[in-house]
S.K.: 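Next up is a structure, given as structure tokens.
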Amino acid sequence: MPSYRAPIDEVSFLLNDVFSIEKYGNLPGFSDLSPDMLEAVLTEGAKLCEEVLQPVNRSGDQQGCTRHADGRVTTPKGFREAYDAYTGGGWVGLSADPEYGGQGLPYTVGAIMNEFASSANMAFSMYPGLTMGAIAALHTHASEEIRRIYLPKMIEGPWSGTMNLTEPHCGTDLGLIKTRAVPQGDGSYKIFGTKIFISAGEHDLTENIIHLVLARIEGAPEGVRGISLFVVPKFMVHADGSLGARNAVSCGSIEHKMGIHGNATCVMNYDGAIGWLVGAENKGLNAMFVMMNEARLGVAIQGLAQSEVAYQNAVAYAKDRLQGRALTGAKEPAKAADPIIVHPDVRRTLLTIRAFNEAARALVLWTALKSDVAHRSDDAKARQEADDHLGLMTPVLKGVLTDLGFDNCVKAQQMFGGHGYVEEWGMSQFVRDARIAMIYEGANGIQAMDLVGRKLPRDGGRAVMSFFNEVQGFIKANEANEALKPLLAPLGKSLGHLQQATMWFMQNALAKPDNAGSGATDYMNLFGLLAMGYMWAMQAKVASEKLAAGANGATERMNTKLVTARFFMERMLPETAAHLARISTGSDAIMALPAEAF
């Protein structure tokens with residue numbers, strides 16, 4: 001049976017030693033987050049995920065969700081109790097506004113809990129995760145009246161939230177949306193249409209489900225300029241907050257999916273359901289993007305989370321499974337064979353996953369801290385710089401962390417040999433669950449195009465130039481550090497590769513856009529590798545300083561950090577050269593064949 005332990009030590013190292021969380025003490029939420037409180041939150045969150053969520057992960061995968069003849073959907077056994085424990089601990093409102101019942105802690109703390117929960121039970125974590133995204137969208141764009149009606153119950157937990165974008169005929173191209181909204185003359189609208197792939201669209205975990213729905217008001221402009229956002233409750237809400245009649249929204253079916261079986265993925269039918277406008281008419285995408293961007297960072301975390309739990313189980317198996325002898329002679333001669341962790345290729349595989357996990361986690365927390373600055377700082381320049389970072393890094397995180405997270409689940413499954421292909425060992429579920437993260441919230445090819453087509457040229461390239469300058473500044477500031485020299489040389493080389501790729505696009509993509517499209521995925525992965533390399537250099541700097549100061553009992557951990565950093569620089573970061581080479585070939589071969597030739 002699979003197991004999971006939340007990486008509290010890793011998170012603490014990053015927050016306290018690498019990113020110096022005390023520097024953010026001037027921001028709302030951080031000032032209340034003492035080291036003792038942070039440790040208590042991480043410990044309690046880990047306990048909930050390990051002892052409550054993880055035990056119903058495999059059973060939830062086996063049972064799945066069930067739609068009944070009357071449209072009701074029931075979740076797997078144990079999910080409702082787990083949800084009650086989750087909401088009872090205040091975890092949904094961890095980072096939410098205290099004015100509406102939230103705890104007001106930093107978004108960064110919520111991101112950590114998101115990783116723990118997604119590793120323990122990814123399908124379950126999507127129920128509260130989507131609610132948190134809906135809370136953020138309503139908090140930013142809804143009227144005060146709507147916020148007062150919906151946010152307290154969503155933050156407390158009795159009500160959950162969803163996002164309704166996709167329709168049978170359109171996914172990424174939201175300008176094709178047909179769902180319509182008919183004004184009723186009293187400020188409300190009747191919503192007509194069908195939405196598909198709606199995660200947590202119907203379930204038995206909460207007494208009400210609050211749907212955020214993209215629709216087109218009658219007479220609105222065509223395309224994305226005519227889309228509005230509406231809040232549509234499953235049950236109508238009386239003025240005193242009590243629930244009224246059932247709204248005209250129902251689950252037509254649930255999808256039978258490759259993975260995340262414990263989450264109800266629904267076809268939702270809106271047959272004149274009553275809804276209310278969120279934000280301004282025809283500005284629905286602006287409002288929904290708050291939720292979408294939160295969701296994309298959440299999905300990036302899912303890629304990391306599945307890689308982490310798959311790694312933990314693969315390591316445990318590699319230390320226990322006896323097979324063959326070490327190339328340098330028997331390591332355990334009293335046994336019939338050595339554990340497979342003695343074999344170089346097994347170690348290469350495990351180190352590849354570990355090096356990704358620890359760099360990806362740093363990248364997530366670095367970006368989460370930027371999000372807190374962007375939304376909480378009173379310094380306009382700091383907010384702008386943090387917002388630039390978020391815009392640039394969100395597609396990189398979503399695309400690279402989910403691509404490599406899935407690859408790592410496959411690598412971890414491979415460690416089990418034939419047992420990895422057998423369901424009872426649990427590795428298949430990690431592979432199946434991780435696969436969706438590459439697809440939803442904008443397929444990864446779309447993330448790459450967003451990065452190259454929108455984020456790079458935004459504000460004259462201000463964000464990417466800031467990133468280049470930061471990495472170059474780190475290299476220059478530490479060039480005399482002997483312990484870091486073996487890491488800084490490859491980091492500088494890969495920075496050069498990303499700069500060359502960026503310049504190549506500037507010179508070759510404006511006149512021939514297919515050059516950008518052909519190289520976008522390679523560019524995204526090159527960017528992601530360099531960003532993770534930068535995270536490793538930062539961690540190695542701290543580890544070497546701690547070792548020089550005596551390490552305070554953490555000598556083994558800090559030495560392990562340095563070895564893993566060296567492995568990343570020697571074995572993984574050189575792939576930036578291949579990405580640059582592919583980008584530089586342009587689009588001629590890719591676009592040469594007529595469609596009939598495929």
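Counting begins at 1 with the first residue of the sequence.
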S.K.: On the 0 to 90° scale, with breaks at 30° and 60°, tag the Phe467-Trp366 ring pair as parallel, tilted or perpendicular.
M.R.: tilted
S.K.: For the CG atom of Leu390 and the CZ atom of Arg383, what is their distance to the nearest 0.5 Å?
M.R.: 13.0 Å
S.K.: So, for Leu130 and Ala200, which heavy atoms are closest and what is the spacing to 0.1 Å?
M.R.: CD1-CB, 4.1 Å
S.K.: Can Asp514 and Ser587 be counted as having a side-chain donor-acceptor contact under 3.5 angstrom?
M.R.: no
S.K.: About how many Å separate CD1 of Ile112 and OH of Tyr107, when rounded to the nearest 0.5 Å?
M.R.: 11.0 Å
S.K.: Could you pull out all residues at least two apart from Arg582 that satisfy side-chain hydrogen bond (donor to acceptor under 3.5 Å, both in side chains)?
M.R.: Asp522, His579
S.K.: In the structure I gave you, are the side-chain heavy atoms of Leu214 and Leu285 within less than 4.5 Å of one another anywhere?
M.R.: yes
S.K.: Do Ser125 side-chain atoms and Met122 backbone N/O form a donor-acceptor pair below 3.5 Å?
M.R.: yes
S.K.: Has the side chain of Ser371 got a donor or acceptor atom that lies under 3.5 Å from a matching backbone atom of Thr367?
M.R.: no
S.K.: Can you run down the side-chain hydrogen bond (donor to acceptor under 3.5 Å, both in side chains) pairs that involve residues 588-598, sequence neighbours left out, and say none if there aren't any?
M.R.: Lys512-Asp588
S.K.: Classify the side-chain pair Lys257/Thr265 by whether it contains a donor and acceptor separated by less than 3.5 Å.
M.R.: yes
S.K.: For the backbone of Asn282 and the side chain of Ser228, can you confirm whether one donor and one acceptor N or O come within less than 3.5 Å of each other?
M.R.: yes
S.K.: Is there a side-chain contact between Arg462 and Gln384, using heavy atoms and a 4.5 Å cut-off?
M.R.: yes
S.K.: So which atom in Asp17 and which in Ser20 form the shortest heavy-atom distance, rounded to 0.1 Å?
M.R.: O-OG, 4.2 Å
S.K.: Atom CG of Leu498 and atom CE of Met503: how far apart are they, to the nearest 0.5 Å?
M.R.: 11.5 Å
S.K.: Quick one: does Phe19's side chain get under 4.5 Å of Met538's, heavy atoms only?
M.R.: yes
S.K.: Would you name the heavy atoms of Tyr440 and Lys398 that are closest together and state the gap between them?
M.R.: O-NZ, 2.9 Å
S.K.: Assess the residue pair Phe356 and Tyr311 against the criterion (ring-ring contact (aromatic ring centres under 6.0 Å, His included)); give the C-alpha distance rounded to whole Å, side-chain angles, the decisive distance to 0.1 Å, and a yes or no.
M.R.: CA-CA 10 Å; Phe356 165 85; Tyr311 168 78; over 10 Å; no
S.K.: Might you work through the salt bridge (charged side-chain N to carboxylate O under 4.0 Å, His left out) test for Arg361 and Glu115, ending with a clear yes or no?
M.R.: CA-CA 9 Å; Arg361 183 174 296 109; Glu115 183 199 332; 2.8 Å; yes
S.K.: Are any side-chain N or O atoms of Gln539 and backbone N or O atoms of Glu358, one a donor and one an acceptor, separated by less than 3.5 Å?
M.R.: yes
S.K.: Flag yes if more than 12 heavy atoms outside Met258 fall under 6.0 Å of its CE atom; otherwise flag no.
M.R.: yes
S.K.: Flag the pair Gln499 / Leu495 as yes when at least one side-chain heavy-atom distance between them is below 4.5 Å, and no otherwise.
M.R.: yes
S.K.: Where is the tightest heavy-atom contact between Asp345 and Arg348, given as atom of each residue plus distance?
M.R.: OD1-NE, 2.7 Å
S.K.: Do the side chains of Phe527 and Met393 get nearer than 4.5 Å, heavy atoms only?
M.R.: yes
S.K.: If only atom types and distance count, is the side chain of Asp433 paired as donor or acceptor with the main-chain N or O of Gly259 below 3.5 Å?
M.R.: no
S.K.: Do Gln312 and Glu308 get their side chains close enough for a donor-acceptor pair, meaning under 3.5 Å?
M.R.: yes
S.K.: Do Phe230 and Leu212 touch side chain to side chain, with heavy atoms closer than 4.5 Å?
M.R.: no
S.K.: Just by modelled atom types, is the Ala137 backbone N or O under 3.5 Å from a matching donor or acceptor in the Thr140 side chain?
M.R.: no
S.K.: Going by atom types alone, do Asp388 and Ser466 pair a side-chain donor with an acceptor below 3.5 Å?
M.R.: no
S.K.: By the definition side chain to side chain contact (heavy atoms under 4.5 Å, CB included), identify the one residue from Asp403, Ile439, Asn525 that meets it with Asn444.
M.R.: Asp403
S.K.: Quick check for you: to the nearest 0.5 Å, what is the distance between Gln507 atom CD and Thr502 atom OG1?
M.R.: 11.0 Å
S.K.: Any donor and acceptor pair, going by atom type alone, linking the side chain of Arg296 with main-chain N or O of Gly399 inside 3.5 Å?
M.R.: no
S.K.: Tabulate below the donor-acceptor pairs under 3.5 Å that side-chain atoms of residues 530-537 make, not counting sequence neighbours, or state none.
M.R.:
unit_1	atom_1	unit_2	atom_2	d
Tyr534	OH	Glu470	OE2	2.9
Trp536	NE1	Ala355	O	2.9

S.K.: Only pairs at least two apart or in different chains count here, so list each side-chain hydrogen bond (donor to acceptor under 3.5 Å, both in side chains) that has a residue in residues 481-495.
M.R.: Glu482-Lys485, Ser494-Thr576
S.K.: Which pair of non-hydrogen atoms, one from Ala412 and one from Ala310, has the smallest distance, and what is that distance?
M.R.: CB-O, 3.5 Å
S.K.: Any donor and acceptor pair, going by atom type alone, linking the side chain of Gln414 with main-chain N or O of Val410 inside 3.5 Å?
M.R.: no
S.K.: Got a donor-acceptor contact below 3.5 angstrom from the Gln447 side chain to the Gly442 backbone?
M.R.: yes
S.K.: After noting the C-alpha distance and the side-chain angles of Tyr24 and Leu33, does the key distance pass the side-chain contact (heavy atoms from CB on, under 4.5 Å) rule?
M.R.: CA-CA 10 Å; Tyr24 300 85; Leu33 193 66; over 6 Å; no
S.K.: With heavy-atom distances below 4.5 Å as the criterion, would you say the side chains of Phe13 and Val542 are in contact?
M.R.: yes
S.K.: Not counting sequence neighbours, which residues clear side-chain contact (heavy atoms from CB on, under 4.5 Å) with Arg454? List them please.
M.R.: Asp450
S.K.: Give the minimum heavy-atom separation between Arg458 and Asp387, together with the two atoms involved.
M.R.: NH2-OD2, 3.3 Å
S.K.: Test side-chain contact (heavy atoms from CB on, under 4.5 Å) on Asn26 and Asp379 and set out the steps.
M.R.: CA-CA 11 Å; Asn26 62 317; Asp379 183 328; over 6 Å; no
S.K.: When you look at CD of Glu22, are more than 12 heavy atoms from neighbouring residues, nucleotides or ligands closer to it than 6.0 Å?
M.R.: yes
S.K.: Keeping the roles fixed (side chain from Glu575, backbone from Leu529), state whether a donor-acceptor pair exists under 3.5 Å.
M.R.: no
S.K.: Could you give all pairs that pass the ring-ring contact (aromatic ring centres under 6.0 Å, His included) test and reach residues 502-523, with sequence neighbours left out?
M.R.: Phe505-Tyr523
S.K.: Once you round to the nearest 0.5 Å, how far does CG of Leu484 lie from CD of Glu545?
M.R.: 8.0 Å
S.K.: Hydrogens and angles aside, do Asn508 and Asn515 bring a side-chain donor and acceptor to less than 3.5 Å of each other?
M.R.: no
S.K.: At what distance, to the nearest 0.5 angstrom, does CG of Leu487 lie from CE of Met569?
M.R.: 5.0 Å
S.K.: For Thr564 and Thr560, what are the C-alpha separation, side-chain angles and deciding distance, and is it a side-chain contact (heavy atoms from CB on, under 4.5 Å)?
M.R.: CA-CA 6 Å; Thr564 311; Thr560 299; 4.0 Å; yes
S.K.: Take Met415 and Met427 through the test side-chain contact (heavy atoms from CB on, under 4.5 Å) and record every step on the way to the result.
M.R.: CA-CA 10 Å; Met415 293 296 93; Met427 302 307 289; over 6 Å; no
S.K.: Tell me, do Ile135 and Thr131 make a side-chain contact under 4.5 Å, heavy atoms counted?
M.R.: yes
